[in-house]
Amino acid sequence: VTPTALFTLAAEPADSLRRMTLLLSRLWRFRFAAVVLLVLGASGAFGLGIDDIGARARDLAAQPYKPPVIRTAREIRELEYDEYRDIRFRPERAVWRAEKLPFELMFFPQGRAVPEPVTIHVVEPYGERVLAFDPALFDFGKNKIDPAKLRDVGFNGFRVHFAVNRPGYKDEVLVFQGASYFRALGKGQGYGLSARGLAVDTAAPEGEEFPRFVEFWIERPRSNATSLVIYGLLDSRRVAGAYRFVLTPGVETTMQVTARLYLRERIAKLGLAPLTSMYAFGENQPGKDDYRPGVHDSDGLSVQSADGEWIWRPLVNPKRLLVTSFAMVNPRGFGLMQRDRSPASYEDPEAQYERRPSAWVEPRGNWGSGRVELVQIPTPDETNDNIVAYWVPQAAPVPGQPFDFSYRIRWQTAGTVPADRGWVLQTRRGRGFVKRPDGDINFVVDFDGPPLRGLADGAEIEPVVWADANAEVRERNLFRNPVSGAWRMTVRFRRLDANRPVELRAYLKQQQSTLTETWSYILPAEPDKP
């Protein structure tokens, strides 16, 4: 029996139920909720589950797709970016603020960048209710807006607040806004990369399809809750889906994701657990006429395969679209990481790229055969997200049949690195002094980690370097950096055809033992080079 059903039963005219109703009516609202929970012996699920949202997704997919109806007042629709940002939700009106619960909800109004509305339900012990848009919830700042003209405006997303940095102050820890995008934060982090519910035909010639969350259900947390449960209904032209998110904020904020998809028709490329980030330039690809050494939300893709191999692919900002992938069976994890945490590597006290979180995806159960795909898109500056990574299953879902998968996202500062071997600390491109330019390309790669630090002085280790047919390796070196203590590998090579990319792979070994993850680099084509 669900709480909603119990509430209905309590209103029936039977004597016993009439007495129960009379008693409950004299209690305060929160006491009524507590009594219902006690009667039900509920665990906080309130009778709502992935099967309920999954049934809605199934019914939605069985019908022709209906684009959203957008009714946004001109006063908000025509606001510029900074003007829209000047609209602030009034914190004192936050959901659950009056009850002093550990989580609170605040909301965003429809605007030019995200005009599509979403329906948001709050699930209480006595049932669910739709949150109605009210202009009084917002402070419009310097904008001259008549609230009476905002009757047709709705919400386009929400944010969750929870105390992670200091007691007594609830920080913003999660945002859902636009398509299926969401971002989360752990302790001491600042917003950077985003996750998505689903990626459809990313980088496909016919264009990408962007599913969006059209409806949310957010469960009321208990007074001592450390997690928040959110359900989402996703829809687009070719797919509908149900999602369950369990948010647990902390030093490392985690999200357990359970999803069920229903396809209306076949999709060429379905990207699961997609991550979206930005890479403009950095140590391996210096910028031009910019005082900052690096500008990026993430600096590499990390992948762990089922056989224990770890791969690190530094990100690049290519001149042409660059799509690469790693085929494997049952991946253990992948993520877009920000390994460089030194403020001196960015010199941007406003953006503070050193505080941008890494996001590590851990599949739950077996995902079977497929590939981790990395899409890198040219961008002239840091205002565009140009990096996408996701899992593409080899067996495409069958239209009309449920397709289930689950995973966990860890929003990290330290980042996930191999426990039993060293990892790549940094990748730098450049030659240093040469008497006569010869067209060669040089990379400097630092490896570090406890297994390498534990090597005895004079340990005999060697770099294993592989290059594809478009490169001629001319020199390789390895030595321990006497200043940092890390091991430095240098690789110098000549590219044979500038119109084609070069793939390089390297790792460190001692006799037959692999000591580090694999450095896997793609040097993009540079067609304007001689």
Side-chain angles (χ1 to χ4, degrees), residues 49-51 53-55 57-58 61 180 182 195-204 208-211 232 234 236 238-246 254-276 300-313 323-337 358-376 387-410 416 418-420 505 517-518 520:
I50 190 68
D51 290 340
I53 311 303
R58 179 197 61 213
S180 67
F182 58 94
R196 281 193 271 168
L198 194 66
V200 176
D201 286 346
T202 303
E208 183 171 359
E209 180 176 316
F210 287 91
L234 178 138
S236 70
R238 290 179 289 170
V239 61
Y243 285 75
R244 182 178 189 265
F245 303 93
V246 181
T254 64
M255 289 186 72
Q256 299 284 350
V257 184
T258 304
R260 179 172 300 163
L261 304 179
Y262 289 90
L263 272 60
R264 290 186 174 91
E265 57 184 83
R266 290 192 178 275
I267 294 175
K269 184 169 63 177
L270 203 64
L272 308 185
L275 303 172
T276 300
L301 169 70
S302 181
V303 180
Q304 184 187 16
S305 66
D307 61 8
E309 182 183 16
W310 287 79
I311 302 169
W312 174 255
R313 172 152 290 178
V323 181
T324 58
S325 62
F326 299 95
M328 60 188 65
V329 179
N330 295 328
R332 293 186 184 177
F334 67 91
L336 292 175
M337 318 301 284
S358 298
W360 179 252
V361 173
E362 293 176 334
R364 316 300 286 182
N366 294 328
W367 278 17
S369 299
R371 66 186 188 271
V372 176
E373 187 164 280
L374 174 66
V375 177
Q376 301 179 94
I387 306 294
V388 191
Y390 44 79
W391 172 258
V392 181
Q394 181 173 309
V398 178
Q401 299 296 316
F403 179 79
D404 293 354
F405 62 97
S406 62
Y407 58 97
R408 178 173 70 163
I409 306 180
R410 300 165 61 185
T416 297
D420 60 346
R505 292 170 64 90
E517 67 182 0
T518 300
S520 176

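Note that the structure is a prediction, hence the values are computed from the model and not measured.
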Nearest heavy-atom neighbours spanning Gly241 and Leu261: CA-CD2, 4.0 Å
Point-to-point distance, once rounded to the nearest 0.5 Å, from CD of Glu209 to CG of Leu198: 9.0 Å
Intermediate values then yes/no, side chain to side chain contact (heavy atoms under 4.5 Å, CB included), Phe326 and Ser520: CA-CA 10 Å; Phe326 299 95; Ser520 176; 3.8 Å; yes
Test log, rule side chain to side chain contact (heavy atoms under 4.5 Å, CB included), inputs Tyr243 and Ile53: CA-CA 8 Å; Tyr243 285 75; Ile53 311 303; over 6 Å; no
Nearest heavy-atom neighbours spanning Gly271 and Tyr390: CA-CD1, 3.7 Å
Residue list, salt bridge (Lys or Arg N to Asp or Glu O under 4.0 Å) with Glu517, at least two apart or on another chain: Arg339
Gap separating the CG atom of Leu234 from the CZ atom of Arg196, nearest 0.5 angstrom: 11.0 Å
Side-chain donor or acceptor of Asp404 paired with backbone N/O of Arg260 under 3.5 Å: no
Minimum heavy-atom distance between Phe403 and Pro393, given as atom pair plus value: CZ-CG, 4.3 Å
Option passing side chain to side chain contact (heavy atoms under 4.5 Å, CB included) with Glu362 (candidates Arg408, Arg332, Gln256): Arg408
Check: Asn330 side chain, Gly368 main-chain N or O, donor-acceptor pair, under 3.5 Å: yes
Nearest heavy atoms of Met337 and Thr416, plus distance in Å: CE-N, 3.4 Å
Spacing of CG belonging to Leu301 relative to CH2 belonging to Trp312, to within rounding of 0.5 Å: 8.0 Å
Validation: residues 303-310 side-chain donor-acceptor distances under 3.5 Å, sequence neighbours left out:
{"from": "Ser305", "atom 1": "OG", "to": "Asp307", "atom 2": "OD1", "distance (Å)": "2.3"}
{"from": "Ser305", "atom 1": "OG", "to": "Glu309", "atom 2": "N", "distance (Å)": "3.2"}
{"from": "Ser305", "atom 1": "OG", "to": "Glu309", "atom 2": "O", "distance (Å)": "3.4"}
{"from": "Asp307", "atom 1": "OD1", "to": "Glu309", "atom 2": "N", "distance (Å)": "3.1"}
{"from": "Glu309", "atom 1": "OE2", "to": "Arg505", "atom 2": "NH2", "distance (Å)": "3.2"}
{"from": "Glu309", "atom 1": "OE2", "to": "Thr518", "atom 2": "OG1", "distance (Å)": "3.2"}

Verdict with reasoning, Leu374 to Ile387, per side chain to side chain contact (heavy atoms under 4.5 Å, CB included): CA-CA 7 Å; Leu374 174 66; Ile387 306 294; 3.9 Å; yes
Partner residues of Arg364 under the salt bridge (Lys or Arg N to Asp or Glu O under 4.0 Å) criterion, sequence neighbours left out: none
More than 12 heavy atoms of other groups within 6.0 Å of Gln394 CD: no
Within-4.5 Å side-chain heavy-atom neighbours: Val200 and Leu270: yes
Heavy-atom pair with the smallest gap, counting every atom of Leu272 and Phe334: O-CZ, 4.2 Å
Inter-residue atom distance Asp201.CG - Ile267.CD1, 0.5 Å rounding: 7.0 Å
Minimum-distance pair of heavy atoms, taken over all atoms of Trp391 and Met328: CH2-O, 3.5 Å
Check against side chain to side chain contact (heavy atoms under 4.5 Å, CB included), Val392 and Arg371: CA-CA 5 Å; Val392 181; Arg371 66 186 188 271; 3.6 Å; yes
